[in-house]
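Scroll down for the structure; my scribbles are underneath it.
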Amino acid sequence: MATPDPVPPTVAWRAGRIRLIDQRALPGRLRYVECATVAAVVGAIVDLTVRGAPAIGATGAYGVALAARTERTPAAVRRAAARVRRARPTAVNLAHGVDHVLAVHDAAVAAGDDPAAATLTAARAYAAADVRANRALGANGADLVPRGARVLTHCNAGALACVGYGTAVGVIRAAHERGRLHSVWVDETRPVLQGARLTAWELDRCGIPHTLVVDGAAAGLMARGLVDLVVVGADRVAADGAVANKIGTYGLAVAARHHGVPFVVAAPLATVDPDTPDGAAIVIEDRGPDEVTHLGGVRVAPVGTTAANPAFDVTPAALVSALVTEVGVVERPTRARIARHLREAARGD
Ligand code: MRU
């Protein structure tokens, strides 16, 4: 029998509802939220109950399956799908997951088949494919990890950000499984601390040695020769190779280049968006100021302080050493190399 994964599935279908790990409660409590309505799905994506690009993609996929059960007409299902798709703008996976299952819905309606059954089968397959892709990209990325490496990561691109296994953390897990990893530096990732709350929790469950640092420590660690590789996930990779990821990623990439540290982006093909021509075309989500003025619900800035809260930034391809997907590695990604990678993936090379 296969050993159960140390991190339970982030997103699942259970008895007609979408069951999500409530990521707001971690690391204190592992608890679940069940969404029985499309409004609850949208709310869970907006308030970060579920977060991370592939995880919200799978939630979007299940959201359409839910809508196919709760809405009365195909037109109402399409409107519901559009609401889910709009819940967060930056991660392309959300649109990808919704569009994939909505196409199955429309085909089932046109063929006179049962759209509820067809969409649920499609959403389940979509979620299962995420875990397979992450295991494959983890194995591909582990080849890039030097023996005995001290790896730095930002935000949470782990199992919690996906359906399972993780992207950047998938690379870390695969490197650890091969005995290549020394340890992980975990950026805390202000404002909402995905690194401190989620990545540290996951690495602990996986038995991977790690040390939490404040975001401002990363460049200094590199200057002292204490980081051998940076690996991060992505919310969207544009056709020119620009990478949108959690705010602070761009600064890490600049520091990594300055110090000659390889900067690796690990993302499934569902995150690579050929329809977004370049980094400037990526919509960056602005979240509420309270996430900045407060820490864990406690105000840390004077009342009345103005705060800006861009949730993501864009790292130009020129700063990326390698893009790792489930089908291979694109070294020093450029528009042409990414297009070739996507063509090869489509042909199944
Ligand atoms: O705001 P979040 O927590 O959804 O942001 C998540 C990230 O930026 C992750 O790094 C990204 O989605 C990749 S997850 C595999």
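Start at 1 and go down the list; that is how both ligands and their atoms are numbered.
One distance of note links CG of L229 with OG of S321; it measures 7.5 Å at 0.5 Å rounding. We find the CD1-CD1 distance between I247 and I284 to be 7.5 Å, quoted to the nearest 0.5 Å.
For atom 6 (C) of ligand 1, the nearest non-hydrogen atom of the protein is R51 NH2, 3.5 Å. For atom 10 (O) of ligand 1, the closest heavy atom belonging to the protein is N245 OD1, 2.6 Å. Given atom 15 (C) of ligand 1, the protein heavy atom at minimum distance is T167 OG1, 3.0 Å. Protein heavy atom closest to atom 14 (S) of ligand 1, with residue, atom name and distance, is A161 CB, 3.4 Å. Here the protein heavy atom with the shortest distance to atom 7 (C) of ligand 1 is D235 OD1, 3.3 Å.
A salt bridge is absent between R180 and D143: the closest approach of a Lys/Arg side-chain nitrogen to an acidic carboxylate oxygen does not fall below 4.0 angstrom.
Neither the backbone nor the side chain of H154 has any atom closer than 4.0 Å to an atom of ligand 1 (non-hydrogen atoms only). At a heavy-atom cutoff of 4.0 Å, ligand 1 is contacted by both the backbone and the side chain of K246. Using a 4.0 Å cut-off between heavy atoms, A267 makes no contact with ligand 1 at all. Contacts between A157 and ligand 1 below 4.0 angstrom, taking non-hydrogen atoms only, involve backbone and side chain alike.
At under 3.5 Å, not a single nitrogen or oxygen of G233, backbone or side chain, sits near a nitrogen or oxygen of ligand 1. Between G52 and ligand 1, an N or O atom pair is found at a separation short of 3.5 Å.
Within the structure, ligand 1 has P54 among the residues with a heavy atom less than 4.0 angstrom away.
Using a 4.0 Å cut-off to heavy atoms of Q194, the atoms of ligand 1 that qualify are 1 (O), 2 (P), 3 (O). Near A53, with a cut-off below 4.0 Å to any heavy atom, the atoms of ligand 1 are 12 (O), 14 (S).
For the residue pair T189/D187, the side-chain donor-acceptor check at 3.5 Å is not satisfied. No donor-acceptor contact under 3.5 angstrom links the side chains of T90 and D235, judged on distance only.
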Start with the C-alpha distance between D313 and K246, add both sets of side-chain angles, then the distance that settles salt bridge (charged side-chain N to carboxylate O under 4.0 Å, His left out), and finish with yes or no. CA-CA 6 Å; D313 58 24; K246 181 52 56 196; over 6 Å; no
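Atom CZ of R332 has 12 or fewer heavy atoms from other residues, nucleotides or ligands within 6.0 Å. Residue R17 qualifies as open at atom CZ: its count of foreign heavy atoms under 6.0 Å is 12 or below. A 6.0 Å sphere centred on CZ of F263 holds more than 12 heavy atoms belonging to other residues, nucleotides or ligands.
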